[in-house]
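Right, one structure below, let's go through it.
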Amino acid sequence: MSLVQVLFYFMGFITLASALIVATSKNLVRSIFMFFITLFALAGLYVLALADFVAVTQIVIYVGGILVLILFAFMLSGKEALAAAQLQSNRFISLSNLPALLLALLFLVVMINVIFKADVANLQWIKEANAVKNVIGTNESMISNVGINLMTRYLLPFEAISVLLMVALVGAAHLSRKEDTRV
Amino acid sequence: MISLVDFMIVSAVLFCTGMFIIVSKKNSIQILIGIELMLNAAILNLVAFGKYDRINNGGQMFALFAIVLAAATTAVALAIILNVYKQYKTIDPDKIKQLKD
Amino acid sequence: MNKALPYQDIQTIYFAIAVVVLPFAAFVVNLLFFTKSKLSGWVSTLAILVSSILAVIIFTRVWNVQQIHVKYLWFIIGDNYLYTGILLNNLSVLMLGLVSVIALPVHIYSTAYMKDDAGYSRYFQYLSFFCFSMLAMVIMDSLILLYAFWELVGFSSYLLIGFWFDRANAVQANKKAFIINRIGDIGLLTAIIILFNQFHTFDIVRLFKEGGLIANSTIKNGLWISGNIQTPIIWQYIACIGIFLGVAAKSAQFPLHTWLPDAMEGPTSVSALIHAATMVAAGVFLLGRVYPLFNPAELTTLAVIGCFTAFMAATIALTQNDLKRILAYSTISQLGYMVMAMGIGAYATSLFHLVTHAFFKCLLFLAAGVVIHQIKHIKEDNNLDIDPQDIANMGGLRKKLPLTFITTLIGGLALIGLPLTSGYLSKEGILVQAFEWAEHKGSIYMLLPVLASITSWLTAFYVARLILKVFYGDMNLPTLHPGIKIHIGDGGWRYKLPLVLLSLCCLFPLFSFNPLLHTDSWLLYGFSSYKDYTENIFEIIVPVLVNVLSLAVMYYAYTIYIKQSRWVSSQTGLLYRISFNEWYIDKFYNRVVVKSVLILSDAVFWFDRKVIDGFVNLLEKTGVFIAGIASWFDRHIVDGILHLAATTVQAIGGFARRFQNGKVQYYLFSMLLAVIVVFILKILIWN
């Protein structure tokens with residue numbers, strides 16, 4: 001049981017626990033903040049998966065951008081939305097939740113079954129990658145790798161995604177404009 | 001070292017939790033959070049497999065792009081939720097059933 | 001038509017047809033044109049006058065001259081040829097003349113008697129119809145046609161008895177007469193059918209002439225043989241019984257005599273014509289026609305029944321109080337004499353008595369009609385509540401109705417059979433021949449003539465009683481109802497003329513120039529010959545004895561009723577009661593026969609209503625029930641299937657509709673469910 005594994009279990013536990021609390025919380029604010037914790041724990045998991053740049057990007061964009069956006073959207077929408085959101089059933093395993101619960105459990109069962117059946121450790125391309133040492137090392141930073149790949153191999157998706165961001169920005173701004181009563 | 005299977009199990013649980021939230025929550029913003037959770041599960045999976053592709057680094061690149069797209073999605077989704085609230089005065093998806101037969 | 005007849009015979013035939021058709025024409029003319037007018041009476045009277053003149057002409061041409069018989073082919077069935085035709089022999093022309101000559105004074109009398117009646121024209125229609133049927137019956141040569149007119153005569157009698165149909169008694173009486181006549185008709189029809197079966201012909205001449213079919217038929221070994229047809233002898237007996245039933249019904253013999261006293265409900269002139277002189281004589285006429293059919297045993301039976309009827313009716317007439325009922329029972333008694341005479345073989349004398357009886361009985365009835373009419377006047381003038389036919393209300397009428405008295409006296413003496421009257425000749429003939437017959441047969445048969453003689457004395461008694469109570473003595477009405485006015489008289493020429501004419505015919509000169517010897521009568525020699533009548537001791541003893549005792553009985557009656565010096569028996573004695581209640585025969589019939597028929601008809605009615613109607617109702621209920629089931633079936637099952645289909649579709653639609661509830665999460669859930677199901681199936685179950 002090395003330290004890495006302990007860390008992994010700890011991070012994994014936090015992720016899952018906070019995700020569960022997000023799922024079961026009736027209070028919207030509480031769930032948003034728990035999501036906040038989930039995202040941080042996920043970033044930790046990324047680090048343990050030797051993807052440091054993705055972890056930082058996760059924190060910057062997800063937590064700093066998306067979560068804040070959600071928070072602000074929620075808080076600035078006023079009391080009516082808050083009040084409406086409070087009306088939920090008290091119990092976790094209530095009749096309306098039961099089908100969703102069953103569905104989720106079924107999906108879980110199927111997925112875990114597939115995971116174990118797929119025997120990912122013995123995949124062909126993974127074996128080859130292990131053979132040619134195409135594996136990310138544990139002590140190197142991935143920033144240069146990501147940068148070079150971004151500008152060379154993945155340039156087109158990079159440009160496309162920037163266009164897309166712009167489109168999304170314009171679209172979101174337009175969608176949420178204030179309606180002028182006199183047009 | 002941490003095996004792939006562990007990452008994949010975590011990712012599966014996250015995914016299912018996200019699915020549960022989407023299907024069962026009565027608040028659109030919580031549904032949005034559920035969608036984010038599912039996306040994050042997928043990204044974790046990508047990153048876990050990305051360890052074995054150092055040269056192309058497909059896993060981590062895809063993860064980056066996915067994060068960016070998630071952001072865009074969330075922005076637009078929130079704008080939509082705002083408009084829905086303006087129209088129907090509620091963000092409970094059960095109340096918005098004008099397309100009912 | 002038989003072309004070999006000489007011209008005069010053909011004219012006679014045409015006269016005969018005219019005699020029959022004239023009354024029928026009068027009937028039709030009255031029916032169509034004179035239903036409300038008094039002229040109908042004169043139309044009928046004119047018709048019967050011409051008929052009687054023609055009948056007398058025919059009589060002179062045919063009587064003891066020759067027999068005229070014409071036949072005409074009527075129709076053919078298979079091998080059987082049926083003829084119609086007219087037979088004019090002695091019997092036919094005698095009856096033809098008798099009926100039309102008696103009917104003429106009755107018609108004249110009726111024009112006065114019925115002049116105040118509302119149904120005047122209807123009366124003459126019926127009277128003419130009766131004359132037509134009776135006249136047609138006597139000249140028919142075919143048994144079938146004779147039967148047809150026999151029935152028509154019965155029918156006319158029914159119409160005339162119930163002439164005043166608003167009286168309950170009249171309706172009951174005519175029903176009774178018709179039903180009893182019907183019994184006789186059944187007997188006669190049975191006999192005719194048996195005769196046809198045996199001899200294959202209805203022709204009276206061929207059957208009954210001397211040397212005819214019946215004379216040539218023999219009875220051997222229990223079989224009735226004629227030609228090559230053999231039938232068991234029982235049929236001959238049944239034929240004779242049938243004939244006898246017909247005679248008994250029509251001529252009021254025991255046991256079918258009960259209708260005649262009740263038939264007095266009709267008008268008195270009708271009683272005079274039909275129920276005294278002519279229709280009731282039809283039975284004796286029938287006996288005259290079919291006489292050769294009977295064998296000696298059957299003739300003896302006939303004689304016994306005739307004698308018994310005569311005796312019984314005479315005993316009943318002794319105590320009756322209704323004037324017409326006395327005369328009715330007297331008619332039954334005299335008809336019994338005629339039937340007895342036929343039975344003992346005195347064929348000619350029987351017919352002789354028929355003719356004389358017709359005259360004096362008709363006279364007596366017409367006179368009774370006058371008396372009753374006058375008592376009715378008294379009743380209406382003074383508003384009394386009396387029965388005009390009860391002889392207790394009469395008395396001392398000889399001063400008020402002198403002509404009626406004299407004619408009634410003549411008729412009554414003729415009925416008793418005293419010398420110088422026609423009745424003496426015929427009745428003595430019967431009595432003498434009865435004694436001769438009994439002498440030949442044996443001592444037990446002597447009972448018959450003795451009984452006949454006793455009946456003759458009883459006749460004397462009741463006729464004397466009748467005349468004494470009606471015309472002699474004092475009328476007790478003024479004493480019972482003081483202050484009543486009695487204005488009665490003999491009536492106009494239309495009452496007097498018929499009475500006078502008929503009374504002249506009751507005296508001897510019409511029938512014989514010798515008032516004391518019956519064998520001198522010309523009428524007998526139409527049916528027999530001199531050699532049939534031998535001189536013997538009875539010819540002298542019997543008339544003397546009978547008439548002397550009759551006179552004694554008449555004096556005896558005088559002492560009882562006028563001098564009132566003797567009583568015979570009290571009114572509560574047994575013999576009196578038997579006589580007064582008509583030997584309880586009528587009551588017996590009512591209780592036994594009529595009641596059982598009514599019970600049977602009630603039972604049949606119950607059966608019809610409960611079982612047959614019940615069956616029909618059951619069918620109806622079953623039909624309705626089945627229809628109800630079918631309707632239920634149609635409504636619940638057939639429509640139910642449709643409704644089931646519709647409801648199923650609706651349920652499926654409603655069910656399927658719920659999947660489109662417009663909730664996004666629901667759609668998402670169902671999509672994911674489908675995916676996971678596919679995954680589970682693919683990964684976990686199959687593989």
Side-chain angles (χ1 to χ4, degrees), chain A residues 4-5 8 12 15-16 19-20 22-23 28 31-32 35 42 45-46 48-51 53-54 57-58 61-62 65-66 69-70 73-74 77 81 84-85 88 97 100-101 103-104 107-108 111-112 115 120-121 126 129 134-136 142 145-146 149 153-154 157 161 164-165 168 171-172 175-176, chain B residues 1-10 12-17 19-21 23-24 26-27 29-30 32-33 36-37 40 43-44 47-48 50-57 59-61 63-65 67-76 78-83 85-86 89-92:
Chain A
V4 178
Q5 276 181 322
F8 172 76
T15 309
L16 297 177
L20 275 172
V22 169
L28 182 60
S31 64
I32 291 176
F35 188 52
L42 265 173
L45 277 174
Y46 292 159
L48 287 169
L50 308 174
F53 186 69
V54 176
T57 311
Q58 161 99 345
I61 295 182
Y62 246 109
I66 294 172
L69 181 63
I70 291 175
F74 163 67
S77 60
Q88 288 185 47
N97 277 339
L101 191 62
L103 183 73
F107 254 98
L108 188 63
M111 277 188 165
I112 293 187
I115 290 168
V120 289
I126 291 182
N134 200 5
V135 182
I136 299 177
M142 296 302 302
N145 192 339
V146 167
N149 271 329
R153 188 163 278 118
Y154 301 104
I161 212 165
L164 185 108
L165 270 176
L175 273 176
S176 54
Chain B
M1 290 308 301
I2 307 155
S3 64
L4 264 178
V5 175
D6 300 330
F7 277 112
M8 286 177 79
I9 289 174
V10 172
V13 176
L14 269 177
F15 186 80
C16 292
T17 311
M19 186 185 294
F20 171 72
I21 293 173
V23 176
S24 75
K26 299 289 176 254
N27 194 334
I29 297 176
Q30 271 185 328
L32 198 58
I33 290 173
E36 296 304 317
L37 211 51
N40 273 302
I43 292 170
L44 178 62
V47 163
K51 189 170 130 180
Y52 297 99
D53 190 14
R54 189 173 176 282
I55 303 171
N56 288 334
N57 216 359
Q60 293 191 9
M61 299 309 293
L64 277 172
F65 288 138
I67 290 172
V68 169
L69 283 170
T73 304
T74 305
V76 173
L78 277 170
I80 290 174
I81 289 176
L82 195 67
N83 266 347
Y85 178 70
K86 262 198 278 185
K89 301 292 179 278
T90 179
I91 52 171
D92 186 350

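Per chain, numbering begins at 1; letters A, B, ... match sequence-line order. Below, all heavy atoms of this structure are taken into account, side chains as well, without hydrogens, waters or symmetry copies. Quick caveat, the model's predicted, so the values are computed rather than measured.
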- Derivation of the side chain to side chain contact (heavy atoms under 4.5 Å, CB included) call for Val135(A) and Lys51(B): CA-CA 6 Å; Val135(A) 182; Lys51(B) 189 170 130 180; 4.0 Å; yes
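Checked against ring-ring contact (aromatic ring centres under 6.0 Å, His included), Phe8(A) has the following partners two or more places apart in sequence or in another chain: Phe7(B).
Put simply, of Leu103(A), Leu16(A), Asn145(A), the one with the most heavy-atom pairs under 4.5 Å next to chain B is Asn145(A).
Once rounded to the nearest 0.5 Å, the distance linking CZ of Phe65(B) with OG1 of Thr57(A) reads 11.5 Å. One finds the CD atom of Gln30(B) at 11.5 Å from the CZ atom of Phe35(A) (value rounded to the nearest 0.5 Å). To the nearest 0.5 Å, the span separating CG on Leu37(B) from OG1 on Thr15(A) amounts to 9.5 Å. Annotation: the span from Asn40(B) atom CG to Tyr62(A) atom OH amounts to 4.0 Å, rounded to 0.5 Å. Going from atom CD1 of Ile2(B) over to atom CG of Leu48(A) covers 4.5 Å, rounded to the nearest 0.5 Å. Of the inter-residue distances, the one linking Leu69(B) atom CG with Ile161(A) atom CD1 reads 4.0 Å to the nearest 0.5 angstrom.
Leu164(A) touches chain B through its side chain: at least one heavy atom from C-beta onward sits under 4.5 Å away, while N, CA, C and O do not. Of the two parts of Leu108(A), the backbone and the side chain both hold a non-hydrogen atom closer than 4.5 Å to a non-hydrogen atom of chain B. For Ala19(A), the parts sitting under 4.5 Å from any heavy atom of chain B are the backbone and the side chain alike. Both the backbone and the side chain of Leu44(B) come within contact range of chain A, judged by heavy atoms closer than 4.5 Å. Interface residue Met8(B): backbone and side-chain heavy atoms are both found under 4.5 Å from chain A. Interface remark: Leu45(A) contributes backbone and side-chain atoms alike to the contact with chain B (heavy atom separation under 4.5 Å). Both the backbone and the side chain of Ile33(B) come within contact range of chain A, with heavy atoms under 4.5 Å apart. Looking at Ile43(B), the atoms closer than 4.5 Å to chain A (heavy atoms on both sides) sit in the backbone and in the side chain alike. Proximity to chain B (any heavy atom under 4.5 Å) is restricted, for Ile61(A), to the side chain, taken from C-beta onward. Residue Asn83(B) touches chain A through its side chain alone, counting heavy-atom pairs closer than 4.5 Å.
For the pair Asn134(A) (side chain) and Asp53(B) (backbone), a donor-acceptor distance under 3.5 Å is absent. Under a 3.5 Å cut-off, the side chain of Asn149(A) and the backbone N or O of Asn56(B) do form a donor-acceptor pair.
When all heavy atoms are compared, the tightest approach of Gln60(B) to Leu50(A) is NE2-O, 3.1 Å.
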